[in-house]
Amino acid sequence: MIALLALGAFLAAAPSASVGDMEAEGARHVVREFERVGRRAPAQDATLGAAARRLALEALTGDTTGAPDLFSLTEAVSDAGGADPTPRTLVIRAWTPRNGLETFLARSDFNTERASHFGLGVARVGERTAFVLLLSDRKAELQPFPRNLAGGERASRTLCGTLVAPLRNPDVYVTRPDGDVDRVSITRRGPNGEFCARLELATPGSYTVEVVGKAGAGPEVAALFLTQLGAPRQRGARAEDTEPTTLNEARAAVYERINSLRRAHRLPELAPDPVLDRVAQAYSDRMASEGFFAHVAPDGSTLTQRLPDDARYVRAGENLGLASGPLAAHFGIEHSPGHRRNLLDSGFRFMGVGVTFRKVDGREEAILTEVYTAASPAAQNIGDPQQEAYDTLARWRTSRKLPPLERSQALDALAQAHARRALELDQPSAQPGGAPLHERVFQVLPDAGTAAVDFFVVSDPTALPESRSLADATNNRVGVGVVRGDSRRFGVKQYWVAVIYAAVR
């Protein structure tokens, strides 16, 4: 998001243009700037325009001093009838209409954004003026869906739409008023991204609806909107009414939101870890006290340096959020593409949450830090790493409703030799003997039709990720080899895990 506060000197008196005239001139400027650099200009969109006008008015009358947080942005777009999930935002505030218009017309940095649609809104309070530009690279076209379903205690409505290429394979998720996430069955799929889904809204309150598509970079939120069952939702009410006010309450609420989303995506839940809680809390406190908000601290340190010394080689991720409350901050995390990848990373098993509450210019603010790791820094040495690896593979197969794998002692021996040799050479792809590994599998299992091997270097054998071979229903035999040791490439005290699969007729 791009935000600018324009506090230029008071210019000489001149006839003030109307709000409509300023919006029209601003829209022409947007089109000219894209065409000037040889790019197709985005189409002006009525729903984004209505949302931009509301945000412009809130920029003059509310507490926000920069760009709106993602919940406020989503609320404005949704109430206007739109569903663009993360439009880029340019905010300009000025003391006079003329100053605001001249400042906006001087801006030329937004034409580098990917955008198919835009909306421009202008608001005036006295002489003070605000301009808000919303730019969206639209990923889905939805048929109209009501934003408020009044009366009754239950409603059922069909949502239909079309994904924009290259997105495909649509899924629909609904976050209920209690925070749980439901994956909604798709009732119709078309060859060109068309879909329909039946939404069941069972209890009064606010629901968040998201449409997810898949492309080369993985799942992506293509559409996002809020809908209300029962009494009309007040602006900001969802965030204000449900926000926890203590650290323990905030942690519990964020833990549940994270795991509810993972359950809906059929991923293992994350376990809270006390060490990660302390790491996350220390960083939220530091950002608040030192006045910054970034993954890299002012001294150049990153998450790797913030983890305990014995966890430096643990695979880890970090999400940061800043909003009026912890759940509003997490809402922004859930619907930000980069942050969402951490939330839905199948390799992570543990999490820590830190929240610092503070007041800025009289308004409430929460700084949220979420840390995820594949292994627990607080865990003791694994008693039987091979069995832990087997249990992890079994949980994955069960979660995908696949038949269990039969353990093979012959494959165990091959996998153990593979892991040992790989560690010796510091090379995961090293072969355990002279013949290629698949030929050795066929020697010990003559009835095997196919063979495959996965190799992982992990700090915890319970953190083995899902793989194509694991998800292959034709594989019915497995062997696991685990060796622990130090590596120049991968760090100290790492587990080198070889998993060999075979499909035996």
Side-chain angles (χ1 to χ4, degrees), residues 266-268 313-315 345-349 374-376 379-487 489-505:
R266 301 169 186 168
L267 293 169
Y313 293 100
V314 172
R315 183 167 177 270
D345 191 313
S346 61
F348 290 144
R349 292 292 184 273
S376 168
Q380 302 298 317
N381 288 337
I382 302 297
D384 185 348
Q386 186 185 45
Q387 187 59 51
E388 293 284 358
Y390 267 114
D391 291 344
T392 300
L393 299 178
R395 285 194 295 271
W396 273 118
R397 294 280 287 196
T398 300
S399 70
R400 293 296 184 265
K401 298 181 180 179
L402 295 171
L405 295 163
E406 181 180 332
R407 184 171 179 172
S408 165
Q409 291 185 350
L411 294 183
D412 272 353
L414 279 181
Q416 191 67 20
H418 186 8
R420 186 180 302 110
R421 183 60 173 163
L423 176 60
E424 290 173 358
L425 298 177
D426 204 11
Q427 176 56 259
S429 61
Q431 291 287 337
L437 187 60
H438 68 277
E439 292 184 6
R440 296 169 66 85
V441 172
F442 297 146
Q443 289 173 6
V444 299
L445 294 179
D447 292 335
T450 61
V453 60
D454 290 333
F455 203 102
F456 308 100
V457 182
V458 294
S459 53
D460 183 347
T462 67
L464 297 181
E466 187 178 21
S467 71
R468 183 177 299 177
S469 298
L470 178 60
D472 187 341
T474 64
N475 287 331
N476 52 16
R477 300 288 192 279
V478 67
V480 174
V482 183
V483 178
R484 194 181 194 194
D486 299 343
S487 161
R489 297 178 60 198
F490 300 98
V492 299
K493 297 181 181 179
Q494 299 297 290
Y495 290 94
W496 291 58
V497 184
V499 184
I500 301 176
Y501 301 90
V504 177
R505 295 183 288 271

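Everything numeric in this text was worked out from a predicted model, so none of it was measured.
Scanning both residues, Val457 and Pro428, for their nearest heavy atoms gives CG2-CG, 4.2 Å. Annotation for Ala415 and Gly481: closest pair CB-N, 3.2 Å, computed over non-hydrogen atoms. When all heavy atoms of Leu464 and Pro461 are compared, the closest pair comes out as CG-O, 3.3 Å. Between Gln386 and Val480, the shortest heavy-atom distance links the atoms NE2-O, 2.7 Å.
With sequence neighbours excluded, no residue satisfies side-chain hydrogen bond (donor to acceptor under 3.5 Å, both in side chains) with Thr398. Thr392 is linked by a side-chain hydrogen bond (donor to acceptor under 3.5 Å, both in side chains) to Arg395, counting only residues two or more places apart in sequence or in another chain. Remark: Arg407 engages Asp412 in a salt bridge (charged side-chain N to carboxylate O under 4.0 Å, His left out) (not counting sequence neighbours). Looking at residues two or more places apart in sequence or on another chain, you find a salt bridge (charged side-chain N to carboxylate O under 4.0 Å, His left out) between Arg477 and Glu406. Not counting sequence neighbours, the partners of Glu466 by the side chain to side chain contact (heavy atoms under 4.5 Å, CB included) test are Trp396, Arg400, Leu470, Ala471. When the salt bridge (charged side-chain N to carboxylate O under 4.0 Å, His left out) test is applied to Glu439, no partner is found at least two apart in sequence or on another chain. Scored by the side-chain hydrogen bond (donor to acceptor under 3.5 Å, both in side chains) test, Asp486 finds no partners at all (sequence neighbours excluded). For the side-chain hydrogen bond (donor to acceptor under 3.5 Å, both in side chains) test, residues two or more places apart in sequence or in another chain that qualify with Gln387 are Asp391.
The line from OG of Ser487 to CG of Asp426 is 3.5 Å long, rounded to the nearest 0.5 Å. The CZ atom of Arg397 sits 9.5 Å away from the CG atom of Leu393 when rounded to the nearest 0.5 Å.
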Name each donor-acceptor pair under 3.5 Å that joins a side chain in residues 443-456 to protein atoms two or more places apart or in another chain, with its distance.
from   : atom 1 : to     : atom 2 : distance (Å)
Asp454 : OD2    : Ser467 : OG     : 2.5

Using residues 496-505 as the side-chain source, report each donor-acceptor pair under 3.5 Å to any protein atom, sequence neighbours left out, with the distance given to one decimal.
none

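Leu405 is not listed as a side-chain neighbour of Tyr390, based on a closest heavy-atom distance of 4.5 Å or more. Pro403 places none of its side-chain heavy atoms less than 4.5 Å from the side chain of Asn476.
Side-chain atoms of Gln416 come within 3.5 Å of backbone atoms of Val482 as a donor-acceptor pair (strictly under, hydrogens ignored).
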